[in-house]
Asker: 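Shown below is the structure under consideration.
A, B, ... follow the sequence lines: proteins, then strands. Residue 1 opens every chain. Computed from a prediction, not measured in an experiment: that's the story for all the values here.
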Number of protein chains: 2
Amino acid sequence: MENLAIEYENLDQKVYQLVKGMIENRQLLPGKKIPQEKLAKEMGISRTPLIAALKFLEHEKLVEAKPRRGYYVRLFSIEEMVSIFEIREVLEGLSARRAAKVITKDEARQLQTIFQPYLSVDDITDYQAYSRADRQFHMLIADIASREFLTSILQTFNIISLAYQYPTREGLIRHPNETIHDHLKIADAICNHDSETAEKLMREHLRSAISELTKTM
Amino acid sequence: MENLAIEYENLDQKVYQLVKGMIENRQLLPGKKIPQEKLAKEMGISRTPLIAALKFLEHEKLVEAKPRRGYYVRLFSIEEMVSIFEIREVLEGLSARRAAKVITKDEARQLQTIFQPYLSVDDITDYQAYSRADRQFHMLIADIASREFLTSILQTFNIISLAYQYPTREGLIRHPNETIHDHLKIADAICNHDSETAEKLMREHLRSAISELTKTM
DNA sequence: ATTATGAATTTTGAATACAAAATACATTTT
DNA sequence: AAAATGTATTTTGTATTCAAAATTCATAAT
């Protein structure tokens, strides 16, 4: 009677992923209007599933709906960025704590790998690559934590994505030469199952971004 | 050139509020399918804006889309409830801290008013009314905090709403006779601008719900 | 030359349309 | 009677349509 259910799917999620990707790699720029007809044509679909995807993104605050005027890629003020990082502080602190409790050997290897390429470099200049690594790092920790969370509630907040909309240096607030140390220490704490330290370090890491931001206000 | 813009609006948000309300007052029950045609007719609109609203609710996890099968009101397992409360712990802790910093005289009065009716009662039996007060209390704190957050990022998570989907006693996990004291102390701390204590008490309050929940697992 | 006006064009919000899939119901088979 | 099958009905996902609103662009007025 109940389903060993074949799971079907609809276009919503695929289109959502695509558009989100376009925002993340700056094919769609903050502040710019999203051309519905054009985009839909490019993807070979009608406006209906595109609008569905935009609704998701609107809810994630990655996109803004201006009624009768269309959808725009969200552009954050410094003040809003501070809010985003305050929320990240507590949420990713929780992620780090939980990740430390449930991480597997394999995931630990993955986590350690991300910043491997930068260990021997003493001045990091490729911001784009480092920004990608940074995001990957924070996302992976959220993913690991979310496995045991059973729901993937944490990622749906998507607060991490918002953070990279900062207008300079590929969304990086502090210089890679500084943050690389934070990242390595956090990774160590998580891999050593030291949940208390992991939470503490992650919070401090994000708090540093906040002080940096408030300086520019 | 730029707008002192008249702000227009569309049906999405109104329909969203309506459907959300129906879920909150249990006119639509957890696990039950949402009858689109019927609902749309009742509201005097087409399915288009209703579906838009359901997409929002899906993203908030208040509703679940089963492709080719429709939308269902979300039913949470105990494990998922624990996750929800872990997230509430850190997020509402942050809210309480910020609220304590920015609360006005007027808002303080409002906050103190919510549990006024229960001060003289020594056995609270109207769970429905108390549940409403409880939600109002947590929401108000989030609102106050969000004013200074500039974006209303915090409420959009809507994690608070999820919490009341718990299947017994109108979504209340601990008995009102116990929680009333927590609430009064939290309100006091916030009204006295004691942000540290406010955060600590709010966290403890939610942590108690978590232990209660884990007992039943 | 800038600013204002207004028609022409494009875009939006929402209803409607419709094929494909799911569900409900009746009928037949075991 | 229970299970399986087939048919009718309903519902879903997506495209299409269309009026109302916004934008663009050309022209006229200051």
Side-chain angles (χ1 to χ4, degrees), chain A residues 1-20 22-23 27-59 62-75, chain B residues 1-20 22-23 27-75:
Chain A
M1 210 256 102
E2 242 338 64
N3 42 356
L4 329 187
I6 311 110
E7 263 311 308
Y8 301 93
E9 58 178 20
N10 54 30
L11 288 178
D12 293 9
Q13 295 305 317
K14 277 182 240 178
V15 176
Y16 161 73
Q17 288 298 344
L18 271 174
V19 178
K20 186 165 170 178
M22 296 176 90
I23 295 173
Q27 296 172 261
L28 294 170
L29 293 167
K32 278 266 297 167
K33 178 165 174 170
I34 293 171
Q36 299 181 14
E37 201 71 52
K38 183 157 160 285
L39 249 191
K41 198 162 286 169
E42 274 173 31
M43 299 183 179
I45 54 168
S46 82
R47 276 170 59 220
T48 308
L50 174 59
I51 290 169
L54 291 173
K55 301 241 179 275
F56 279 118
L57 293 166
E58 181 189 358
H59 214 267
L62 218 56
V63 139
E64 189 179 6
K66 302 190 184 176
R68 278 274 151 214
R69 244 161 269 238
Y71 288 87
Y72 293 77
V73 180
R74 198 74 149 71
L75 183 69
Chain B
M1 208 257 102
E2 243 335 65
N3 40 357
L4 329 186
I6 312 109
E7 264 311 306
Y8 302 93
E9 58 178 20
N10 51 30
L11 288 178
D12 293 9
Q13 295 306 318
K14 275 182 241 177
V15 177
Y16 161 74
Q17 288 298 345
L18 271 175
V19 178
K20 185 164 169 179
M22 295 178 92
I23 294 173
Q27 296 172 262
L28 295 169
L29 293 167
K32 278 267 297 167
K33 178 166 176 168
I34 293 172
Q36 299 181 14
E37 200 70 51
K38 183 157 159 285
L39 248 190
K41 197 162 287 170
E42 274 174 31
M43 299 183 179
I45 54 167
S46 82
R47 274 171 60 220
T48 307
L50 174 59
I51 290 170
L54 291 173
K55 303 245 180 266
F56 276 118
L57 294 166
E58 182 189 356
H59 213 266
E60 274 179 27
K61 304 264 178 201
L62 218 56
V63 138
E64 189 180 5
K66 302 190 183 177
R68 279 271 153 218
R69 243 159 268 240
Y71 287 87
Y72 293 76
V73 179
R74 197 76 148 72
L75 182 68

Asker: Grab the NZ-C1' distance between A/K41 and D/dA15 for me, whole Å please.
Answerer: 14 Å
Asker: Once you round it to whole Å, what is the distance between P of D/dT11 and CZ of B/R47?
Answerer: 10 Å
Asker: For A/I51, which contact category applies under a 4.0 Å heavy-atom criterion: base, sugar-phosphate, or nothing?
Answerer: nothing
Asker: When you check the phosphate oxygens OP1 and OP2 of C/dA14, does a side-chain N or O of B/T48 lie under 4.0 Å from one of them?
Answerer: no
Asker: Could you check how far CZ of B/R68 sits from C1' of D/dG13, rounded to whole Å?
Answerer: 5 Å
Asker: Return the minimal non-hydrogen interatomic distance between B/Q13 and A/E58, and the atom names on each side.
Answerer: NE2-OE2, 4.0 Å
Asker: Picking from D/dT23, D/dT14, C/dA14, which would you name as closest to the side chain of A/R69?
Answerer: D/dT23
Asker: Do you know which two heavy atoms are closest between B/I34 and B/V63, and how far apart they sit?
Answerer: CD1-CG2, 3.7 Å
Asker: Could you tell me the separation between the NZ atom of A/K66 and the C1' atom of D/dA21, rounded to a whole number of Å?
Answerer: 16 Å
Asker: C/dA15 P sits how many Å from B/L11 CG, rounded?
Answerer: 6 Å
Asker: Name every residue in residues 33-40 of chain B that has at least one heavy atom under 4.0 Å from any atom of DNA chain D, in order of residue number, or write none if there are no such residues.
Answerer: B/K33, B/Q36
Asker: Please test B/V19 against B/M43 for side-chain contact (heavy atoms from CB on, under 4.5 Å), starting from the C-alpha separation and ending with a verdict.
Answerer: CA-CA 10 Å; B/V19 178; B/M43 299 183 179; 3.8 Å; yes
Asker: From CD of A/E58 over to C1' of C/dG13, roughly how many Å is that when rounded to an integer?
Answerer: 13 Å
Asker: Quick one: list whatever passes ring pair (Phe, Tyr, Trp, His ring centres under 6.0 Å) with B/F56, sequence neighbours left out.
Answerer: A/H59, B/Y16
Asker: Minimum heavy-atom separation for A/A40 and A/L50, please, with both atom names.
Answerer: N-CD2, 4.0 Å
Asker: Carefully, step by step, assess A/K38 and A/E42 under the rule salt bridge (Lys or Arg N to Asp or Glu O under 4.0 Å).
Answerer: CA-CA 6 Å; A/K38 183 157 160 285; A/E42 274 173 31; 3.7 Å; yes
Asker: Write down the distance between CG (A/D12) and P (D/dG13), rounded to a whole number of angstrom.
Answerer: 8 Å
Asker: Rounded to the nearest angstrom, tell me the gap between atom CE in B/M43 and atom P in C/dA14.
Answerer: 14 Å
Asker: Looking at every heavy atom in both A/A53 and A/V15, which two are closest together, and how far apart are they?
Answerer: CB-CG1, 3.6 Å
